[in-house]
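Written out below as structure tokens is the structure these notes cover.
In each ligand, atom 1 is the first atom listed, and ligand 1 is the first ligand listed. These numbers come from a predicted model, not from an experiment.
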Amino acid sequence: MAIATINPATGETLKTFEPLTDDVLEDKIARASAAYASYRRTSVQDRVGWLRAAADVLDADTDPVAALMTTEMGKTLTSAKAEVAKCAKALRYYADHGPAMLEPQHLDAGAVNAQQAYVTYQPLGVVLAIMPWNFPLWQAMRFAAPALMAGNVGLLKHASNVPQTALYMEELFRKAGFPADVFQTLLIGSGTIERVLRDDRVVAATLTGSAPAGQSVAAIAGDALKPTVLELGGSDPFIVMPSAHLDTAAEVATTARNQNNGQSCIAAKRFFVHRDVAEEFTRLFAEKIGELTVGDPMDPATEIGPLATESGVQDVHDYVTDAVSKGATVVVGGKEVDGPGWFYEPTLLTGITPEMRLYAEEVFGPVAALWTVDSLDEAIEIANSHPYGLGSNLWSEDEGERAQFVRDIESGMAFINGMTSSYPDLPFGGVKQSGYGRELTDLGMREFMNAKTVWVG
Ligand code: NDP
């Protein structure tokens, strides 16, 4: 994939970049390694100051950075601004809470015949972050804020279609006053990742993206015995039981499926509705999906912009065509929007059967698939038959159903009466083919730390 900014709203190529030469790449890795040697010794208070400064820089840069993201991958300008604000919040979260997370954890010294026994949390070194385009600032920030708080150094290999946002990330930390080279962007293709990952100066990797990319990175890292965190795909279930407030559930379902133009790993993608309320919920859901405004992502009135890539539109339409050819019903939407750019109509499909490709795969676009079920057991059983297990949603006022859902749903996150969201204050991650490890909170920060046991006799 060429490293380029291509506006998805028009299909126009605006800027292309040459990948780094071997010499420049070598120089950047060497500089990252040298930066780590001194950065790991910086005080926690200095890091807190730099994180707060980075949050202030982001606040000041909101308008141009949001416009850049919209231009590179098509999210609405309104949601791009919200993404910038969330990144500033994450930086401040780690500035506020990071120092306590880095405190040593004292253990029972008497039990091990010691004067003192404790665990001290230390950084690991240079970490490679391989990131996707869908939340181009947030995905990278979810890694960067805790990593820099911990004393690690970051190398970012971002998706090839968001190079300018990737370069902005490096500029942001420089502008905030962090020591030189503690966060660098590598403009490289995915074919060069193995060379970076096998380098002895790179100690770990995190990847957010597709399952095939995760498999490749995990295989290389496994061979080189380096830890990884993987945040992969999702096809989150959204279960609606008879006690749910249907209008609110349909409203949130519409946002949950169509946020970010339908391209979110934690978007609700499969809707399981109890037979008693299926007809009414389907009517409300279809009505709200049909009311979404599709158009120019720069226009504040627009709710759904284009998909990020031309191949993305084709992939989505292939899933819909396949399902319809096998008996699915298009309740609303179901085709590309005529004209320039890569727009797809927000779509609702019913009559889903296991033969359809979208049954057990992930549709990365604004297509909701709806099942009618007879019980919570049935909803959970079909939901769990999917290879992914990222987020999940239940709408119910029944305590027993909620407890069953939390106990039995195979997912890393369970949201009740709300949609799955990523907050700086909550751990984020999945199980099964959705990956492993956690991001955010203390769990995310400690993924790339050495929990060193200290015994003093
Ligand atoms: P990709 O996996 O193609 O790309 C993600 C990143 O991985 C990019 O930087 C890409 O580089 C790189 N990459 C691509 N192929 C390989 C490879 N073989 N080895 C190493 N790195 C590789 O995903 P998409 O960009 O298509 O993003 C959509 C997918 O990501 C969906 O499945 C989605 O669910 C998942 N995702 C998961 C999230 C989560 O938090 N769990 C969040 C967002 C998306 P390049 O661009 O140069 O190809």
Stepwise side chain to side chain donor-acceptor pair (under 3.5 Å) check, T228 with Y436: CA-CA 8 Å; T228 50; Y436 51 76; 2.7 Å; yes
Distance from atom 7 (O) of ligand 1 to nearest protein heavy atom, with residue and atom: I130 CG2, 3.5 Å
Nearest-contact summary for atom 30 (O) of ligand 1 - protein heavy atom, Å: G209 C, 3.0 Å
Heavy-atom donor-acceptor pair, K157 side chain to M131 backbone, under 3.5 Å: no
Nearest protein heavy atom under 4.0 Å from atom 1 (P) of ligand 1, yes or no: yes
Structural part of N134 in contact with ligand 1, heavy atom criterion under 4.0 angstrom: side chain
Interfacing atoms of ligand 1 (cut-off 4.0 Å, heavy-atom, H158): 9 (O)
Nearest neighbour in protein (non-hydrogen) for atom 13 (N) of ligand 1: S190 CB, 3.7 Å
Flag, side chain of N261 to backbone of G305, donor-acceptor distance under 3.5 Å: yes
Sub-3.5 Å N/O-N/O distance, W133 and ligand 1: yes
Distance in Å, F135 CZ paired with K86 NZ, rounded so as to fall on 0.5 Å steps: 7.0 Å
contact_flag K269 ligand 1 heavy-atom lt 4.0 Å: no
Pair R174 + D181: basic N to acidic O under 4.0 Å: no
Minimum-distance protein heavy atom relative to atom 39 (C) of ligand 1: C265 SG, 2.9 Å
Neighbour count >12 (heavy atoms, 6.0 Å) for atom CG, D200: no
Interatomic distance, L186 atom CG to E170 atom CD [nearest 0.5 angstrom]: 8.5 Å
Ligand-side contact atoms (ligand 1) for residue partner L232, heavy atom cut-off under 4.0 Å: 36 (N), 37 (C), 38 (C), 39 (C), 41 (N)
For atom 16 (C) of ligand 1, the protein heavy atom that lies nearest, with its residue and separation: A213 CB, 3.5 Å
Protein heavy-atom partner closest to atom 28 (C) of ligand 1 - residue, atom, separation in Å: F364 CE2, 3.6 Å
Residues N161 and E72: side-chain donor-acceptor under 3.5 angstrom: no
Atom 20 (C) of ligand 1 [closest protein heavy-atom partner, distance rounded to 0.1 Å]: I193 CD1, 3.4 Å
Any N or O of R142 closer than 3.5 Å to N or O of ligand 1: yes
T208 neighbourhood, listing ligand 1 atoms whose heavy-atom distance to it stays under 4.0 Å: 5 (C), 37 (C), 38 (C), 39 (C), 40 (O), 42 (C), 43 (C)
Nearest-0.5 Å distance, CG of residue L376 to CZ of residue F405: 8.5 Å
Parallel, tilted or perpendicular, as decided by the 30° and 60° cut-offs, for the rings of W133 and F364: perpendicular
Between T353 and E355: side-chain donor-acceptor atoms closer than 3.5 Å: yes
Geometric class of the F178/F173 ring pair [parallel <30°, tilted 30-60°, perpendicular >60°]: perpendicular
E381, CD: over 12 other non-hydrogen atoms inside 6.0 angstrom: no
Check: T208/E231 side-chain N/O donor and acceptor closer than 3.5 Å: no
Closest to atom 31 (C) of ligand 1 (judged by heavy-atom distance), picking from K157, E362, Q433: E362
Side-chain donor/acceptor of T70 to backbone N/O of A66, under 3.5 Å: yes
Heavy atom of F428, distance to ligand 1 below 4.0 Å: yes
Atom 47 (O) of ligand 1 - nearest protein heavy atom and its distance: S160 OG, 2.6 Å
Within-shell test, Q139 vs ligand 1, heavy atom, strictly < 4.0 Å: yes
Closest to atom 23 (O) of ligand 1 (judged by heavy-atom distance), picking from G312, S210, G430: S210
For L390, atoms of ligand 1 separated by under 4.0 Å from a heavy atom: 41 (N)
Atoms in ligand 1 flagged as close to E231, the criterion being non-hydrogen separation under 4.0 Å: 37 (C), 38 (C), 39 (C), 40 (O), 41 (N)
Where ligand 1 meets V217 - atom numbers and elements under 4.0 angstrom, heavy-atom basis: 20 (C)
Short N or O distance, M131 and ligand 1, threshold 3.5 Å exclusive: yes
Part of S216 with heavy atoms under 4.0 Å of ligand 1, whether side chain, backbone, both or neither: side chain
